[in-house]
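Order of listing sets the numbers, starting from 1, for every ligand and every atom in it.
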Amino acid sequence: MHWSGWGDPAKARELPEQVRTLLRDLLGVREPAVPAATMESVRLAPVALPERVLAALAGIVGEAHVRTDHEARVRHTRGKSTPDLLRMRAGDGSDAPDAVVLPGSHDEVAALLRVCADERVAVVPFGGGTSVVGGLVASRAGLDGVVALDLQRLDRLVSLDTESMTATLEPGLRAPDAERLLGEHGLTLGHFPQSYEYATLGGFAAARSSGQASAGYGRFDDLVVALTVATPEGTLELGRAPRSGAGPDLRQLVLGSEGAFGVITSLRLRVRRAPAERVYEGWRFGSFQEGSAALRALAQDGPLPTVLRLSDETETMIGLARPDAIGGGDTGCLVIAGHEGASVAGRREQAAAVLERLGGVPLGPEPGTAWEHGRFSAPYLRDSLLAAGATVETLETAGFWSNLPRLYDAVRLALLGALGSPLVMCHISHVYETGASLYFTVVTAQDGDPVEQWARAKEAVNAAIVEAGGTISHHHGVGRDHRQAYAAEVGPLGVEILRAVKARLDPAGILNPGVLVP
Ligand SMILES: Cc1cc2nc3c(=O)[nH]c(=O)nc-3n(C[C@H](O)[C@H](O)[C@H](O)COP(=O)(O)OP(=O)(O)OC[C@H]3O[C@@H](n4cnc5c(N)ncnc54)[C@H](O)[C@@H]3O)c2cc1C
C-alpha cells in the first residue's frame, strides 16, 4: 500500500488530457506549489513509550513484532480519507503511534490489552488501514502513549462448516486472501467494497462495511453469525445460532464499534457457493428520479439483482461509474444491474422486464463489463487528482425512499454552499425495500489550506444530513469525523448508553480513545 496514497504504486493512473482540461477550465484547478513529502521527510514526534513498556509488549509478542522504526510508524498513521492523504503529502506525521505491535493470537491480544490498561497506553486496532472517517487516530489525553495493534498476523481460515455454510476466519485477513482461501473450497463471502484489495475482515465488521454486491450477498454485518472479542476486562464469545430470541443481540454492539469496545479476534461468517455465472449490464434512464423509481421497484417487488447501482446525471456524464471511460460525456442516468449465481438467465429476464417497463433503455453488457473492470480503480484516480491540485473526496448517507430526494438536495446544497462551484456527483449502490444509500463524490480546486477547506464543507454536510433526517453513515462508520452527528442521531440517552458500555469494557479508556463514543 502506498504510504501517502492508495494501493499499489505500480497501478498509479495518469489523468487523461480531457480531465486536466475539465479541471482547469471548469473548476480552476492549479498544480500545488509545494511537491508531496517523501517518506523520510515525514515529521514524527519522538517515541513517548518508556523502554519498560516496550519490553513488556515484546515479552508478549516477541521483539520482532514490536516496531518503533520511522517507516512502520508512518505506515500506521491515520487512514485513507482525502484529509488523511493531504496531511501525509504535507509530511505531517503528528498522529503517528509510538509503536506498532503485531500479535499472533487471541491470547496475545488479550495480554497486550491488560498491559496497555495497566500502563495507560492507547490501543488502536489496525486492519487494512483504509478507514475514511478518522477511525485510526487515538486521542492521547490522559494517556502515556499510543500503539497501533496491527492484526495482519491473524490471517487464518480456522475452520469450515459446509453443512451450515459458515467459515471461521481471523480478522487480519485481507479480503482477497479470504476469497482465495474460500475459493479453494468453491465458496465466497461475496463482499467486494471498493477498498477490497486492502481492507480486512476485522475492519469490515468493526466499521459495518457494505460491498458493491450488497443487494445480492448482504452487508458485511449480515454475514457475521458469531465473533470473539478481546477486551481489557475479559473475552466476549457472541453468537451460537443463526438467529436468537434470547434478549438483545450483543453481536450488534460489537459490529460498528470501531475498536472502541474491544478487539475482534475471530469471526464466523456466512459463506455462499462461488457463482458459476456473472453478468453485468447497463441501462439508461432519463433522470435520477426515474432511475430511483426503477431501483425501488426491484428492491420492493423483485427480482433483486446481485449488483444494482444508479449514477445521477453528473456522475453519468463524467463517466465515474466506469473509470476506464472517464470523461465519456454520456447523457441520462446509468444503471448497472449485475446477476450472479448458478444460473442467472431467468432472474435477468425478469429484472430486465421491470427496468424496461419503468423507462429503462438497455445498453447491453459493455457498460457492465467496463464497470466490472474499473470497479477498484477510482481510488487510484484520486491520487492523480490530488497531485494535480484538485481535492476529491467521497461521503455517504442513507434514508427511506420517501425522504431520499430531500436528502439528495440537502447534501448537494450544503456542498455547493461550502465550496462555491464544486463538481458534485452521486450514485445509489445499496438498496433495501425501505430505502437506499446515497454516495457522493466531490471534486473542487484546492485552496491554500485544503484540509481546512474540506473540514468546513464536511461540517456543513454533516449538519445537512442530520437536519434532513438521514443517517450520518451508511457504511463508512463514525470514527472521529462523525462523532458529533452520531450523538445527534442517537440522542443524549443513547450517548449515555454508549459511554456506559465503554466504561464497563474499557475502564481505563485505552481502546481507540476519541473514536466512535461522543
Ligand atoms: C478507496 C476506499 C474505498 C472504500 N470503499 C468502501 C466500500 O465500498 N464500502 C465500505 O463499506 N467501505 C469502504 N471504504 C472504507 C473502509 O475500507 C471500510 O471502513 C473497511 O471496513 C475498513 O477495513 P480495514 O481493514 O481497512 O479497517 P481499518 O481502517 O484498519 O479500521 C477501521 C476501524 O475498525 C477498527 N478495527 C479494525 N480492525 C479491528 C478489529 N479486528 N477489531 C476491532 N476493531 C477493529 C479500527 O480501529 C478502525 O476504527 C473505503 C475506503 C477507501 C479508502
Side-chain angles (χ1 to χ4, degrees), residues 1-2 5-7 75-76 78-82 84-85 97 103 106 109 113 122-138 146-152 154-155 169-175 178 191-214 219-221 227-231 236 254-267 309 375-383 392-396 398 427 429-430 437 439 441 473-482 505 511-517:
M1 171 75 99
H2 194 300
W6 177 253
R75 286 190 180 280
H76 291 80
R78 310 188 188 97
K80 294 291 178 188
S81 71
T82 292
D84 291 343
L85 301 189
H106 169 88
V109 173
L113 293 183
V123 176
V124 181
F126 196 98
T130 68
S131 168
V132 283
V133 291
L136 297 163
V137 179
V146 176
V147 299
L149 193 79
D150 188 323
L151 294 151
Q152 62 175 277
L154 294 181
D155 63 352
L169 298 134
E170 290 187 321
L173 266 172
R174 282 189 184 168
H191 188 69
F192 302 102
Q194 201 176 46
S195 52
Y196 170 79
E197 293 169 279
Y198 293 92
T200 62
L201 304 186
F204 292 149
R208 284 194 190 275
S209 170
S210 192
Q212 293 167 345
S214 66
R219 301 161 55 91
F220 196 81
D221 41 16
L227 28 75
T228 306
V229 187
T231 83
L236 285 168
V254 176
L255 296 168
S257 64
E258 300 182 30
F261 294 165
V263 181
I264 300 163
T265 56
S266 172
L267 293 144
R309 42 195 301 132
R375 66 196 286 191
F376 303 127
S377 58
Y380 292 94
L381 199 62
R382 174 173 61 164
D383 291 343
V392 55
E393 181 59 307
T394 61
L395 53 94
E396 39 88 53
H427 66 245
S429 51
H430 308 275
S437 71
Y439 186 96
T441 303
S473 174
H474 172 264
H475 58 261
H476 283 166
V478 175
R480 293 171 78 84
D481 302 356
H482 293 155
L505 296 175
L511 284 169
N512 229 355
V515 167
L516 181 78
V517 182

With a cut-off of 4.0 Å, which atoms of ligand 1 are near a heavy atom of G262?
43 (C)
Check whether any N or O atom of S209, backbone or side chain, sits under 3.5 Å from an N or O atom of ligand 1, and answer yes or no.
yes
Atom 31 (O) of ligand 1 - nearest protein heavy atom and its distance:
L136 CD2, 3.9 Å
Residue, atom and distance of the protein heavy atom nearest atom 30 (O) of ligand 1 read G127 N, 2.7 Å
In the protein, what heavy atom is nearest to atom 13 (C) of ligand 1, and what distance, to one decimal place, separates them?
S195 OG, 3.7 Å
Quick check on G129 - does any of its heavy atoms sit under 4.0 Å from an atom of ligand 1?
yes
Could you check atom 32 (C) of ligand 1 against the protein and tell me its nearest heavy-atom contact, residue, atom and distance included?
S131 CB, 4.1 Å
Could you tell me the separation between the OG atom of S429 and the CD atom of Q212, rounded to the nearest 0.5 Å?
7.5 Å
Evaluate side chain to side chain contact (heavy atoms under 4.5 Å, CB included) for T231 paired with V229, printing each intermediate quantity in order.
CA-CA 6 Å; T231 83; V229 187; 4.3 Å; yes
Ligand 1-proximal atoms of L151, by part, heavy-atom distance under 4.0 Å
side chain
Do T441 and V392 have side-chain heavy atoms sitting under 4.5 Å apart?
yes
Under 4.0 Å between heavy atoms, the region of W6 that gets near ligand 1 turns out to be side chain
With a 4.5 Å heavy-atom cut-off, do V254 and I264 have their side chains touching?
yes
State, yes or no, whether a side-chain contact exists between L201 and F220 at a heavy-atom distance under 4.5 Å.
yes
Would you say N512's side chain and G135's backbone share a donor-acceptor pair under 3.5 angstrom?
yes
Indicate whether the side chain of S266 and that of H106 have a donor and an acceptor atom separated by less than 3.5 Å.
no
Can you tell me how the ring of Y380 sits relative to the ring of W6, calling it parallel under 30°, perpendicular over 60° and tilted otherwise?
perpendicular
Would P193 count as being in polar contact with ligand 1, using the rule that some N or O on each side must be under 3.5 angstrom apart?
no
Using only atom types and a distance under 3.5 Å, with no angle test, would you say the side chain of Q152 pairs donor to acceptor with the backbone of G172?
no
What protein heavy atom sits nearest atom 9 (N) of ligand 1, and how far off is it?
S210 O, 2.9 Å
Between D221 and L255 (side chain of the first, backbone of the second, donor and acceptor by atom type, cut-off under 3.5 Å), is there such a pair?
no
Please confirm whether P125 comes within less than 3.5 Å of ligand 1 when only nitrogen or oxygen atoms on both sides are compared.
yes
Using a 4.0 Å heavy-atom threshold (strictly under), name the region of N512 that reaches ligand 1: side chain, backbone, both or neither.
side chain
Side-chain heavy atoms of L85 within contact of R78, under 4.5 Å
no
Any N or O of R382 that comes nearer than 3.5 Å to an N or O of ligand 1?
no
Identify, for atom 27 (O) of ligand 1, the protein heavy atom at the shortest distance, and state residue, atom and that distance.
G203 CA, 3.5 Å
Any nitrogen or oxygen of I264, side chain or backbone, less than 3.5 Å from one on ligand 1?
yes
Specify the protein heavy atom at minimum distance from atom 49 (O) of ligand 1: its residue, its atom name, and the distance to 0.1 Å.
G135 O, 2.8 Å
Proximal atoms of ligand 1 relative to K80 (non-hydrogen, under 4.0 Å):
53 (C)
Taking atom types as modelled and ignoring hydrogens, do the side chains of H482 and S473 form a donor-acceptor contact shorter than 3.5 angstrom?
no
Report yes if some N/O of G128 lies less than 3.5 Å from some N/O of ligand 1; otherwise report no.
yes
Quick one: nearest non-hydrogen protein atom to atom 20 (C) of ligand 1, plus distance?
T130 OG1, 3.8 Å
Of the side chain and backbone of T200, name the one, both, or neither that has a heavy atom under 4.0 Å from an atom of ligand 1.
both
Going by the order shown, which atoms of ligand 1 are within less than 4.0 Å of some heavy atom of P171?
41 (N)
Within the 4.0 Å heavy-atom shell around A207, which atoms of ligand 1 are there?
19 (O), 21 (O)
So, the side chain of E258 versus the backbone of G477: is there a donor-acceptor pair under 3.5 Å, distance only?
no
